Amino acid sequence: MARAGTPLDDYTEQVLSAVEEIPVGWVMTYGDLAELVGGGPRQIGQVMARYGAAVPWWRVVRADGQPARGHEPRALERLAAEGAPLRRGRVELRLARYLPPPGRDAP
DNA sequence: TGCTTGACTTACG
DNA sequence: CCGTAAGCCAAGC
């Protein structure tokens, strides 16, 4: 569903939708989102930095499982509250990495 | 028009 | 496991 009033680009909408779709206690990496919606990991970060406040941004972590730069404490607190498998200050991607179901995106 | 920056990744030692 | 280097994509100045 489109966010009325905010004419965001399709790419931004795709990213935000994907992030909103991450279940509680699970996470996705910037690279995974980039592979999902296209572009590069940095572009995902760009969108998150601008519109991430409207989505569960703490469920988006770096490739090594560590939360976004400058948001580590807040993200870890949220993740811990959600019951995500934390290991020494970072998320255990082995257990918490979420793979979105196919069908609603480009084949 | 061209360089710098950024919620990044992978490879190497 | 940790630090450094190079690569990649788009926006901003």
Side-chain angles (χ1 to χ4, degrees):
Chain A
M1 51 256 247
R3 288 173 181 69
T6 52
L8 300 178
D9 297 19
D10 290 345
Y11 183 75
T12 303
E13 280 288 342
Q14 293 256 39
V15 175
L16 296 179
S17 297
V19 174
E20 286 181 336
E21 213 220 288
I22 304 174
V24 176
W26 290 74
V27 298
M28 281 187 74
T29 69
Y30 291 89
D32 287 348
L33 289 169
E35 289 279 313
L36 187 65
V37 305
R42 304 199 70 128
Q43 187 53 22
I44 302 296
Q46 190 80 11
V47 174
M48 294 301 291
R50 180 119 170 85
Y51 304 99
V55 297
W57 54 266
W58 55 90
R59 291 177 197 158
V60 181
V61 300
R62 292 170 57 175
D64 54 359
Q66 194 173 303
R69 286 284 196 175
H71 298 258
E72 303 173 30
R74 274 177 271 182
L76 288 172
E77 185 142 353
R78 297 274 195 177
L79 292 167
E82 294 183 353
L86 299 181
R87 188 77 171 194
R88 201 156 148 271
R90 51 188 143 90
V91 182
E92 192 66 75
L93 291 177
R94 257 289 264 260
L95 307 174
R97 200 180 200 183
Y98 169 69
L99 279 51
R104 78 188 62 189
D105 51 295

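Every chain is numbered from 1, with letters handed out A, B, ... down the list of sequences. Predicted model, so just to flag it, every value in this text is computed and none were measured.
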Which one, B:dT10, B:dA7, C:dC2, comes nearest to the side chain of A:Ala63? B:dT10
I need the [atom1]-[atom2] distance between [X] and [N], as an integer number of Å.
X: A:Glu35; N: B:dT9; atom1: CD; atom2: P; value: 12 Å
X: A:Leu36; N: B:dT9; atom1: CG; atom2: P; value: 15 Å
X: A:Ile44; N: B:dG6; atom1: CD1; atom2: P; value: 19 Å
X: A:Asp32; N: B:dT9; atom1: CG; atom2: C1'; value: 11 Å
X: A:Arg62; N: B:dT9; atom1: CZ; atom2: C1'; value: 9 Å
X: A:Met48; N: B:dT9; atom1: CE; atom2: P; value: 12 Å

Would you say the ring centroid of A:His71 lies under 6.0 angstrom from that of A:Trp58? no
Check the pair A:Val27 / A:Leu79 against side chain to side chain contact (heavy atoms under 4.5 Å, CB included), numbers first and verdict last. CA-CA 9 Å; A:Val27 298; A:Leu79 292 167; 3.7 Å; yes
Could you walk me through whether A:Asp9 and A:Thr12 pass the side chain to side chain donor-acceptor pair (under 3.5 Å) test, one step at a time? CA-CA 5 Å; A:Asp9 297 19; A:Thr12 303; 5.3 Å; no
Which atom names give the shortest non-hydrogen contact between [X] and [Y], and what distance separates them?
X: A:Ala34; Y: A:Pro41; result: CB-N, 3.6 Å
X: A:Leu93; Y: A:Arg62; result: CD1-O, 4.0 Å
X: A:Gly25; Y: A:Ala96; result: O-CB, 4.1 Å
X: A:Leu95; Y: A:Pro85; result: CB-CG, 4.0 Å

What's the gap between C:dG7 and B:dA7 when it is taken at their P atoms, as a whole Å value? 22 Å
For DNA chain B, which residues of residues 67-82 of chain A approach it to below 4.0 angstrom with any heavy atom? A:Ala68, A:Arg69
Is A:Asp64 salt-bridged to A:Arg90, cutoff N-O under 4.0 Å? no
So that I can compare with my own list, what are the stems of DNA chain C, taken as at least three consecutive Watson-Crick or G-U pairs with distances under 3.5 Å? B:2-6 with C:9-13, B:8-13 with C:2-7
Side chain to side chain donor-acceptor pair (under 3.5 Å) assessment of A:Tyr30 paired with A:Gln43: CA-CA 9 Å; A:Tyr30 291 89; A:Gln43 187 53 22; over 6 Å; no
With side chain to side chain contact (heavy atoms under 4.5 Å, CB included) as the criterion, how do A:Ile44 and A:Val15 come out once you've worked through the C-alpha distance, each side chain's angles and the decisive distance to 0.1 Å? CA-CA 7 Å; A:Ile44 302 296; A:Val15 175; 3.8 Å; yes
Could I get a table of every N or O pair under 3.5 Å where one atom is in the protein and the other is in nucleotides 4-13 of chain C?
from   : atom 1 : to      : atom 2 : distance (Å)
C:dA10 : O4'    : A:Gln43 : OE1    : 2.9

Using a 4.0 Å heavy-atom cut-off, does A:Ala49 contact any base of the nucleic acid, only the sugar-phosphate backbone, or nothing at all? base
Check step by step if side chain to side chain contact (heavy atoms under 4.5 Å, CB included) holds for A:Met48 and A:Val55. CA-CA 9 Å; A:Met48 294 301 291; A:Val55 297; 4.1 Å; yes
